Asker: 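To start, I am sharing the structure in question, which I have written as structure tokens.
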Amino acid sequence: QVQLAESGGGLVQAGGSLRLSCAASGRTSNGYAMGWFRQAPGKEREFVATITWSGGITYTADSVKGRFTISKDNAKNTVYLQMNTLKPEDTAVYYCALGLFGTSRSVEHYQYWGQGTQVTVSS
């Protein structure tokens, strides 16, 4: 099975930046994708960004476009989420996810999930 190890969450003031990291280990397929989702209290888990491993094709949610950037390090099997110009509404638990069969914006297409890391943005 795949294990995902997340890091980088924390408390930051509005306008600040954080970088989340997620390292994948275990069995994967050639066409897998990694993504980031977030979930605020009382709300549904929502898509943030995703990247295909082989082609590096990215998709980013409109709510974070221009502020968040997803990237990867092939040698380390690690995906990053660089979050700039953070807003209080970005406060959520951020989850790293891996989909074995390609990129998607849907939660249902990801088979493995990290434990989540809390991002809190103060006003």
Side-chain angles (χ1 to χ4, degrees):
Q1 294 185 348
V2 175
Q3 294 83 42
L4 303 177
E6 302 174 341
S7 62
L11 175 65
V12 65
Q13 294 183 7
S17 299
L18 286 172
R19 189 179 74 160
L20 307 183
S21 301
C22 178
S25 61
R27 185 179 180 180
T28 60
S29 66
N30 189 51
Y32 77 90
M34 296 182 70
W36 291 96
F37 293 78
R38 66 186 183 185
Q39 188 167 22
K43 296 184 178 181
E44 298 293 324
R45 190 168 299 186
E46 67 171 342
F47 167 78
V48 176
T50 187
I51 186 168
T52 62
W53 205 250
S54 59
I57 301 170
T58 63
Y59 299 92
T60 308
D62 290 342
S63 60
V64 303
K65 194 166 295 182
R67 299 188 297 119
F68 292 10
T69 302
I70 188 169
S71 61
K72 61 185 177 70
D73 185 326
N74 292 359
K76 297 180 178 180
N77 261 16
T78 298
V79 65
Y80 305 95
L81 185 68
Q82 179 65 48
M83 305 185 294
N84 297 325
T85 320
L86 283 161
K87 304 175 180 179
E89 49 263 45
D90 295 319
T91 295
V93 177
Y94 283 71
Y95 295 91
C96 176
L98 186 149
L100 294 173
F101 307 108
T103 188
S104 176
R105 294 177 173 88
S106 300
V107 169
E108 291 78 10
H109 293 303
Y110 293 85
Q111 291 77 50
Y112 301 96
W113 295 83
Q115 295 298 310
T117 184
Q118 177 70 48
V119 172
T120 302
V121 184
S122 61
S123 60

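Since we're looking at a predicted model, the values are computed, not measured.
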Asker: With a 4.5 Å cut-off on side-chain heavy atoms, are T69 and Y80 touching?
Answerer: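 Sidechains of T69 and Y80: no contact.
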Asker: Using the ring of each side chain (for Trp, its six-membered ring), is W113 parallel, tilted or perpendicular to Y95, with breaks at 30° and 60°?
Answerer: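 It falls in the perpendicular class, over 60°.
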Asker: So, Q39 side chain and V93 main chain: donor-acceptor pair closer than 3.5 Å or not?
Answerer: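 Side chain of Q39 to backbone of V93: no pair is present.
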Asker: Are the side chains of L98 and W53 in contact, using a 4.5 Å heavy-atom criterion?
Answerer: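 Not touching, per the 4.5 Å side-chain cut-off.
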Asker: Atom CZ in R105, atom OG1 in T60: separation rounded to 0.5 Å?
Answerer: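 Answer for the CZ-OG1 pair, R105 versus T60, is 8.5 Å.
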Asker: Are the aromatic rings of F37 and Y110 close, with centres under 6.0 Å apart?
Answerer: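 Yes.
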Asker: Do the side chains of F47 and L4 join up, straight or via other hydrophobic residues, at under 4.5 Å, putting them in one cluster?
Answerer: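 Per the 4.5 Å side-chain linkage, F47 and L4 are not co-clustered.
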Asker: Is the side chain of T120 donor-acceptor paired with the backbone N or O of T91 at a distance under 3.5 Å, no angle test?
Answerer: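 Absent.
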Asker: Quick test of your reading: applying salt bridge (charged side-chain N to carboxylate O under 4.0 Å, His left out), list the pairs with at least one residue in residues 80-101, sequence neighbours left out, ordered by first then second residue.
Answerer: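 Listed by first then second residue: R38-D90, R67-D90.
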Asker: Can V2 be reached from V107 by stepping across I, L, V, M, F, W or Y side chains whose heavy atoms are under 4.5 Å apart?
Answerer: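 They do not share one cluster, since no chain of ILVMFWY contacts under 4.5 Å joins V107 to V2.
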Asker: So how far is it from I51 CD1 to K72 NZ, rounded to the nearest 0.5 Å?
Answerer: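 Here the rounded value is 5.5 Å.
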Asker: Are any side-chain N or O atoms of S106 and backbone N or O atoms of E108, one a donor and one an acceptor, separated by less than 3.5 Å?
Answerer: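 Not a single qualifying donor-acceptor pair exists.
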Asker: I'd like to know if the side chain of T103 and the backbone of T50 have a donor-acceptor N/O pair within less than 3.5 Å.
Answerer: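 No; judged by distance alone, with no hydrogens or angles, the pair does not exist.
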Asker: Kindly write out the residues that satisfy side chain to side chain donor-acceptor pair (under 3.5 Å) with R19, not counting sequence neighbours, or none if the list is empty.
Answerer: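 Per chain and number, R19 pairs via side chain to side chain donor-acceptor pair (under 3.5 Å) with no residue.
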Asker: Measuring from S122:OG to Q13:CD, what's the distance to the nearest 0.5 Å?
Answerer: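 Going from OG on S122 over to CD on Q13, the span is 5.0 Å.
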Asker: Of all the heavy-atom pairs spanning A24 and M34, show the shortest one and how long it is.
Answerer: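 Reported closest heavy-atom pair: CB-CE, 4.1 Å.
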Asker: Atom OH of Y32 and atom OH of Y112: how far apart are they, to the nearest 0.5 Å?
Answerer: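 One finds 12.5 Å between OH of Y32 and OH of Y112.
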Asker: In the single-linkage hydrophobic clustering (I, L, V, M, F, W, Y; side-chain heavy atoms under 4.5 Å), do V79 and I57 co-cluster?
Answerer: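 No, V79 and I57 fall in different hydrophobic clusters.
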Asker: Locate the shortest heavy-atom distance separating E6 from G114; write the atom from each residue and the value.
Answerer: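 So the two residues come closest at OE2-CA, 3.5 Å.
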Asker: Mind running side-chain contact (heavy atoms from CB on, under 4.5 Å) on Y59 and I70 for me, showing each step along the way?
Answerer: CA-CA 9 Å; Y59 299 92; I70 188 169; over 6 Å; no
Asker: When hydrophobic residues are tied together by side-chain contacts of less than 4.5 Å, even through go-betweens, does M83 share a cluster with V121?
Answerer: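 They do share one cluster, since a chain of ILVMFWY contacts under 4.5 Å joins M83 to V121.
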Asker: For P88 and S123, which heavy atoms make the closest approach, and how far apart are they?
Answerer: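 Shortest heavy-atom separation between P88 and S123 comes out as CG-CB, 3.9 Å.
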Asker: Which pairs pass disulfide (SG to SG under 2.5 Å) with one or both residues in residues 49-95, sequence neighbours excluded?
Answerer: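 Listed by first then second residue: nothing to list.
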Asker: Surrounding CD of Q3 (heavy atoms of other residues, nucleotides or ligands, distance under 6.0 Å), is the total greater than 12?
Answerer: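 Above 12, so yes.
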Asker: Answer yes if L20 and V12 sit in the same cluster of Ile, Leu, Val, Met, Phe, Trp and Tyr residues linked by side chain heavy atoms under 4.5 Å apart, and no otherwise.
Answerer: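 L20 and V12: one cluster.
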Asker: Does a side chain donor of either T78 or S21 reach within less than 3.5 Å of an acceptor in the other side chain?
Answerer: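 Result is no, nothing qualifies.
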